[in-house]
Amino acid sequence: MEVRVRYAPSPTGLQHIGGIRTALFNYFFARSSGGKFILRVEDTDRERYSDESLEDLYSTLEWLGVKWDEGPVVGGDYGPYIQSERFDIYKKYAEQLVAEGKAYYCYCSPERLEALRKEQAESKSEYQGYDRHCANLTAEERAELEAQGIKPVIRLRVPTEGKTTFHDILMGDITRRNRDISPDPIILKSDGFPTYHLANVIDDHLMHITHIMRAQEWIPSGPLHVLLYQAFGWEVPQYCHLPMVMGKDGQKLSKRHGSTAVRDFRAKGYLPEAIINYVTLVGWSLDGSTEFFTKSELEKCFRLENIHKSPAVFDYKKLDWFNGQYIRAAADERIASLITPYLQEAGFIQDPLTEEDKALVSRIVPPVKERMKVLSDVVPLTAFIFRDEPVEDKTVYIGKGSDLEKTVEALRRGSDILLSGLRSGRSHEDIETELSALATELSIKVAGVFQPIRVAITNSTVSLPLFDSIELIGLDETERRLRRGLTILEEN
RNA sequence: GUCUCCUUCGUCUAGUGGUUAGGACAACGGGUUUUCAUCCCGUCAACGCGGGUUCGAUCCCCGCAGGAGAUGCCA
């Protein structure tokens, strides 16, 4: 039988790390088993729905290169794939359950339910949940409530006796006593929309989903879903609950742990392959030693059996490491086009790129590539090229073991060695040797010579390699900044 | 409160009835280097606790503790 899995997010917020981890696991499982990956939009919560979320879903999956075989936009044999367009289907099935006595109309107000919950919480009652107030209304009672204009919800009758078990590929059999299942959950809301439980079960059945891979937070509702399948007389699909992604403090990963929206990672300059690689490694491993995986490798080697059972903490630093690795491995041309928008946004170069800027960006890439963890790092790294903000604090120019007097001397003579050397085309090695000799002569460390030069040219003690920096701003500008540095050091 | 799941270095993980318990990130130290970074080398660091079973348990069984999740007209 062909494997059919789905990623079924609800467009109520931006796609986050946990969500795409689920998407990726589904996608890789489908690909590695020759099955189909289906995308379904679960927009049954009209209160929290937003168009932005839906657009974010599509753009994020596209950016990651995750293509769905069936779903919105591409279509498929079991559409529509957006739940709000399947409104009538859910209503029909819910009413069928009512007709069969497996579900019933409930007229309780949200206020009554709220009060009930509060009372149960305060009394620490062992029994929590709906009190089945409307479970056995007579036709007359219902007619009267209807006449008052109350729009009812539909609740599923959960048995009070017995227990329900489902099998999870990772976890094994999971059993709950029926009395512990949320009593008579709402399956159709008063606005006619289904709740998650109903819509999910119906669609998974109608779309012939074979494996349900979702986060472990759904485990407790597994038995409820089985009850629903049984009520309809449908075959229960296979379950595989995925370990959750946690923050540093061991709680479910959320905004307070830092960025979780994939869009934010993208904006900061993470590469999609780094995100895919790292996120897949959270809760999954091939052999415990292989670290790097391309997307197409994962499409081949991903196995359900290698998924871990316990929750995993998301490590931002390891993601940074992966990203740095991928940046360094990328072709220079690609990095050039990727860093361009950051330089433009910083106002360093024009938006329609001039030929000159384009050439400059290409020259920036090699020295910068070794130093970036995220693409946006390019801005502070190259600011000195586009903005000249001289360091006024003399002490910054003074290298370790040197003093102001020697620093002035080092900068003056060092500048001459540097400029004349470069103008006459001497090798960097020769110039370096000569600068070292100067240090020896002044009886200071090599850094005592290089530091004032570096600070004068790059306006920072930390910079790209000196000769690269000079090359990027040009010899004339270099000379101007060196002179200016000397002026700063010599003024009182 | 009740129910369900989980438990190997700080983090992600590998692994076995007898191993020096392996790798990666982080941290720390060193080397290369004009700074930073890269790169290379090294150090630190784990089987939650208590009972069993066994010649022997990190691994099998039972308790416990801790953590997480669920208990919504949200998913």
Side-chain angles (χ1 to χ4, degrees), chain A residues 8-10 12-13 42-45 47-48 106 108-110 113-114 117 120-130 151-155 168 170-171 174-177 179-183 185-191 193-197 199-200 214-223 241 243-244 246 248 250-252 278 281-291 308-322 324 328 367-373 377 381 399 428 432 435-436 439 445-447 449-451 453-455 458 460-467:
Chain A
S10 135
T12 55
E42 307 216 328
D43 59 342
T44 56
D45 183 349
E47 304 265 310
R48 298 197 300 150
C106 166
C108 293
S109 68
L113 298 175
E114 181 54 37
R117 247 193 307 276
Q120 288 169 342
E122 277 168 10
S123 67
K124 289 187 177 165
S125 150
E126 190 165 324
Y127 185 90
Q128 304 264 325
Y130 184 57
K151 290 255 178 271
V153 299
I154 292 179
R155 288 181 182 272
D168 186 279
L170 258 28
M171 236 67 79
I174 293 173
T175 302
R176 273 184 96 166
R177 288 175 306 207
R179 47 173 282 213
D180 291 328
I181 295 175
S182 168
I186 292 170
I187 55 176
L188 201 77
K189 308 177 206 175
S190 56
D191 63 3
F193 272 87
T195 58
Y196 170 83
H197 305 296
N200 196 260
R214 46 139 68 149
Q216 283 175 358
E217 57 189 327
W218 291 107
I219 288 179
S221 42
H241 286 92
M244 306 223 290
M246 318 301 256
K248 200 89 198 150
Q251 313 269 106
K252 206 164 137 183
Y278 178 61
L281 249 22
V282 175
W284 179 88
S285 73
L286 181 67
D287 53 16
S289 59
T290 311
E291 293 273 304
H308 221 237
K309 287 158 96 169
S310 47
V313 175
F314 187 80
D315 186 348
Y316 287 84
K317 287 194 171 161
K318 190 149 189 181
L319 205 215
D320 281 349
W321 177 76
F322 267 110
R328 259 157 258 135
V368 138
K369 210 175 152 185
E370 303 298 311
R371 273 155 256 263
M372 290 190 293
K373 277 191 161 63
D377 286 341
L381 247 21
H428 295 171
E432 258 178 61
L435 288 171
S436 299
K445 289 181 178 168
V446 182
V449 172
F450 278 94
Q451 182 151 326
I453 294 174
R454 176 185 312 286
V455 173
T458 69
S460 169
T461 52
V462 174
S463 76
L464 300 184
L466 193 56
F467 290 109

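Letters go in sequence order (proteins before strands), and every chain restarts at 1.
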I'd like to check the salt bridge (charged side-chain N to carboxylate O under 4.0 Å, His left out) partners of [X]; sequence neighbours left out, ordered by chain and number.
X	result
A:Lys189	none
A:Arg328	none
A:Glu370	none
A:Lys252	A:Glu217

State which residues pass side chain to side chain contact (heavy atoms under 4.5 Å, CB included) with [X]; sequence neighbours excluded, sorted by chain then number.
X	value
A:Met372	A:Ile327, A:Ile335, A:Ile339, A:Val368, A:Leu375, A:Asp377, A:Val378, A:Leu381
A:Asp168	A:Phe166, A:Leu170, A:Met171, A:Ile174, A:Tyr239, A:His241
A:Ser310	A:His308

Got a sec, which residues hit side-chain hydrogen bond (donor to acceptor under 3.5 Å, both in side chains) with A:Glu291, two or more places apart in sequence or on another chain? none
Close N/O contacts between protein and nucleotides 70-75 of chain B (under 3.5 Å):
from  : atom 1 : to       : atom 2 : distance (Å)
B:C73 : O2     : A:Ser190 : N      : 2.8
B:C73 : O2     : A:Ser190 : OG     : 2.8
B:C73 : N3     : A:Ser190 : OG     : 3.0
B:C73 : N4     : A:Cys108 : O      : 3.3
B:C74 : OP2    : A:Lys189 : NZ     : 2.6
B:C74 : O2'    : A:Asp45  : OD2    : 2.7
B:C74 : O2'    : A:Arg48  : NH2    : 2.9
B:C74 : O2     : A:Arg48  : NH2    : 3.3
B:A75 : OP1    : A:Thr44  : OG1    : 2.8
B:A75 : OP1    : A:Lys189 : NZ     : 2.7
B:A75 : OP2    : A:Tyr196 : N      : 3.2
B:A75 : O3'    : A:Glu42  : OE1    : 3.3

Are there any protein N/O atoms within less than 3.5 Å of an N/O atom in nucleotides 32-39 of chain B, and if so, which ones and at what distance?
from  : atom 1 : to       : atom 2 : distance (Å)
B:U34 : OP1    : A:Glu432 : OE1    : 2.6
B:U34 : O2'    : A:Arg454 : NH2    : 3.4
B:U34 : O2     : A:Arg454 : NH2    : 2.0
B:U34 : N3     : A:Leu466 : N      : 3.4
B:U35 : O2'    : A:Thr461 : O      : 3.2
B:U35 : N1     : A:Arg454 : NH2    : 3.4
B:U35 : O2     : A:Ser463 : N      : 2.7
B:U35 : O2     : A:Ser463 : O      : 3.1
B:U35 : N3     : A:Arg454 : NH1    : 3.3
B:U35 : N3     : A:Ser463 : O      : 2.7
B:U35 : O4     : A:Pro465 : N      : 3.1
B:C36 : O2     : A:Arg371 : NH1    : 2.8
B:C36 : N3     : A:Arg371 : NH1    : 2.2
B:A37 : O2'    : A:Glu370 : O      : 2.7
B:U38 : O4'    : A:Glu370 : O      : 3.4
B:U38 : O3'    : A:Arg328 : NH1    : 3.4
B:U38 : O2'    : A:Glu370 : OE1    : 2.8
B:C39 : OP1    : A:Gln325 : NE2    : 3.1

Among all residues two or more places apart in sequence or in another chain, which pass the ring pair (Phe, Tyr, Trp, His ring centres under 6.0 Å) test with A:Phe193?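 Result, ring pair (Phe, Tyr, Trp, His ring centres under 6.0 Å) vs A:Phe193: A:Phe87.
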I'd like a table of atom pairs between the protein and nucleotides 6-13 of chain B - only N or O on both sides, under 3.5 Å - with the distance next to each one.
from  : atom 1 : to       : atom 2 : distance (Å)
B:C12 : OP1    : A:Val313 : N      : 2.9
B:C12 : O2'    : A:Leu281 : O      : 3.0
B:U13 : OP1    : A:Gly283 : N      : 2.7
B:U13 : O3'    : A:Ser285 : OG     : 3.1

